[in-house]
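Here's the structure, in structure tokens; my notes come after.
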Number of protein chains: 2
Amino acid sequence: MKTRIKVLLVDDHQIIRDGLSNMLSEAGDIEVCEGAADITKALEIIRKVDPDVVITDLSMPGKSGIELIRRIQEKHPGVHVLVLSMYVTEDYIFNSLKAGAKGYLPKQDTTKAELLKAIRTVARGEEFFSPAVAQVISKLYSHSVKSTTTPEAIARKASLTSRETEILRLYTEGLSNMEIADRLSISIRTVETHKNNIMQKYNFKSTVDMVKFAIRNNLGEA
Amino acid sequence: MKTRIKVLLVDDHQIIRDGLSNMLSEAGDIEVCEGAADITKALEIIRKVDPDVVITDLSMPGKSGIELIRRIQEKHPGVHVLVLSMYVTEDYIFNSLKAGAKGYLPKQDTTKAELLKAIRTVARGEEFFSPAVAQVISKLYSHSVKSTTTPEAIARKASLTSRETEILRLYTEGLSNMEIADRLSISIRTVETHKNNIMQKYNFKSTVDMVKFAIRNNLGEA
DNA sequence: ATTAAAACTAAGTGATTTACGTAGGGATGT
DNA sequence: ACATCCCTACGTAAATCACTTAGTTTTAAT
């Protein structure tokens, strides 16, 4: 009899954590530990209980979930990360994998059975992706092959730094400078600076232009 | 001091019911009764406890949630139905309203605050729709101008005047209030007022939300 | 190992723009 | 005649913009 799989849930929504916790506790081979609503708390709990699997959302207050994955890889390489996100976009998936995530599931249509299977799979150190995610990944790879021949397009996209991209995405969600500053735990002046830089790089003449650009380029939803 | 709002949750997913139940119980003015996973059970509980508000999903095993709404209207017209669905499609929304639903919220992006507001609103017998849903409704009603089978109050509530539509379109072009004012030869204040009215009609929380709506609605180019 | 470049952070400050509540006048329809 | 809707507009408070400067950290290259 092997020990149960210790799972840590990271999500800023209380109800979701509670719901998942309930659900997972019904499985005999899984042990859910105290959840975390942000990265700091998550890392603290990881140090304390050394879980086998961390299930995390990506959109959270403060640093993004990507950062959490990165830090876990650095300091706790034995802990396997399973992303449970409401976004099934190239960007999120790619960056999660790059940061070291072992699995990626969409919140939308993941069933209890799938989630359990995913947990058990990543707990063994293997990878697990839902069909929808796998599709995006394959598209990503074929895309990267093509893009080597089109440096112009890459250059354009690459001209935004990761921080700028992150902030641009938050603008597309309709957040104000202040709200973005709070979300990222940085000064509103910094947000303004980043925005200014974005606007200058692309010569946007208004915030609306910027958002339209982001939407066209799949940096934001809708 | 009025009595608490009695709420019945109908959803075939155990975790979701549990999560919502948890969440709603934290509000002092709401009392959550035993949930139901199907129509039969739901009607049975309604007969027993006579709730003020029924929150229901639409996709359920057996008969659809629409049928539940219809039956509630027939036998318990005082019970207000709030739909909480993962689908924000014309079909579902239209049929829910036709069946007598007082509110419709997408599962995807409804916040706790919104849900509570929606519950309190429909408990008073008023209607409540999230921006995304209102968008679909307005689209629905703008096509069939005179529909005798449908509540016209909703259409009016969620439709924009010609001036508002005109101004909204200019916003999607990236124009500022001032530029729009010049273009239309009216005061910037007037433009602001129109914008304000648009924002209120759809409960937009930011200009970006408004523009995203317009783009999705083909009022502006994407 | 050291250095240069780039990225992230942040503040000052005056000008501009927006948010939001309130309100008058005209058309319409009942 | 009266309620209602629509377009118009203002005042004040709040937020954002535009530009500049600059310290700290990361990354890349020699």
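Just so we're on the same page: letters track the sequence lines, and every chain starts at 1. Computation of the quantities below employed the complete heavy-atom set of this structure, encompassing side-chain atoms and omitting hydrogens, waters and symmetry-equivalent molecules. Note that the structure is predicted; figures quoted are calculated from it, not measured.
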Look at all strands and tell whether [X] reaches a base, only sugar-phosphate, or nothing, counting heavy atoms closer than 4.0 Å.
{"X": "B:Asn197", "result": "nothing"}
{"X": "A:Asn177", "result": "sugar-phosphate"}
{"X": "A:Thr193", "result": "base"}

Residue set satisfying salt bridge (charged side-chain N to carboxylate O under 4.0 Å, His left out) with A:Lys205, at least two apart, ordered chain then number -> A:Asp209
Residues at least two apart in sequence or cross-chain that pass salt bridge (charged side-chain N to carboxylate O under 4.0 Å, His left out) with A:Lys48, listed by chain then number, are none
Rounding to an integer number of Å, can you tell me how far [X] [atom1] sits from [N] [atom2]?
{"X": "A:Gln200", "N": "D:dA18", "atom1": "CD", "atom2": "P", "value": "9 Å"}
{"X": "A:Glu67", "N": "D:dT26", "atom1": "CD", "atom2": "C1'", "value": "13 Å"}
{"X": "B:Lys205", "N": "C:dT18", "atom1": "NZ", "atom2": "P", "value": "18 Å"}
{"X": "B:Leu175", "N": "C:dT17", "atom1": "CG", "atom2": "P", "value": "13 Å"}
{"X": "A:Asp209", "N": "D:dC17", "atom1": "CG", "atom2": "P", "value": "13 Å"}
{"X": "A:Asn196", "N": "D:dT21", "atom1": "CG", "atom2": "P", "value": "15 Å"}
{"X": "A:Glu166", "N": "C:dT9", "atom1": "CD", "atom2": "C1'", "value": "14 Å"}
{"X": "B:Ile198", "N": "D:dC7", "atom1": "CD1", "atom2": "P", "value": "10 Å"}

Computed from five pairs at either end and rounded to 10 degrees, the angle between the axes of the helix from C:dA1-D:dT30 to C:dT30-D:dA1 is 50°
What are the atom names and distances for every N/O pair under 3.5 Å that joins the protein to nucleotides 26-29 of chain C?
none

Between A:Glu67 and A:Arg70, does at least one N-O distance fall below 4.0 Å, as a salt bridge requires? yes
Short N-O contact, A:Glu192 and A:Arg189, less than 4.0 angstrom: yes
Residues two or more places apart in sequence or in another chain: which of them pass side-chain contact (heavy atoms from CB on, under 4.5 Å) with [X]?
{"X": "B:Val53", "value": "B:Ile5, B:Val7, B:Ile55, B:Leu82, B:Ile119, B:Val122, B:Ala123"}
{"X": "B:His194", "value": "B:Arg163, B:Glu164, B:Ile167, B:Thr190"}
{"X": "B:Ser176", "value": "B:Met178, B:Glu179"}
{"X": "B:Met199", "value": "B:Lys195, B:Phe204, B:Met210"}

Among C:dC8, C:dG21, D:dC19, the one nearest any side-chain atom of A:His194 is C:dC8
Within residues 179-192 of chain B, the residues having a heavy atom closer than 4.0 Å to DNA chain C are B:Arg189, B:Glu192
Is there a side-chain polar atom (N or O) of B:Thr207 under 4.0 Å from OP1 or OP2 of C:dA19?
yes
- Query: Does C:dT18 have OP1 or OP2 sitting under 4.0 Å from an N or O in the side chain of B:Lys195?
  - Reply: no
[X]: what forms a side chain to side chain donor-acceptor pair (under 3.5 Å) with it, not counting sequence neighbours?
{"X": "A:Glu34", "result": "A:Lys41"}
{"X": "B:Asn196", "result": "none"}
{"X": "A:Asn177", "result": "A:Tyr171"}

Quiz prompt | Backbone N/O of A:Thr172 and side chain of B:Lys212: donor-acceptor pair under 3.5 Å | solution = yes
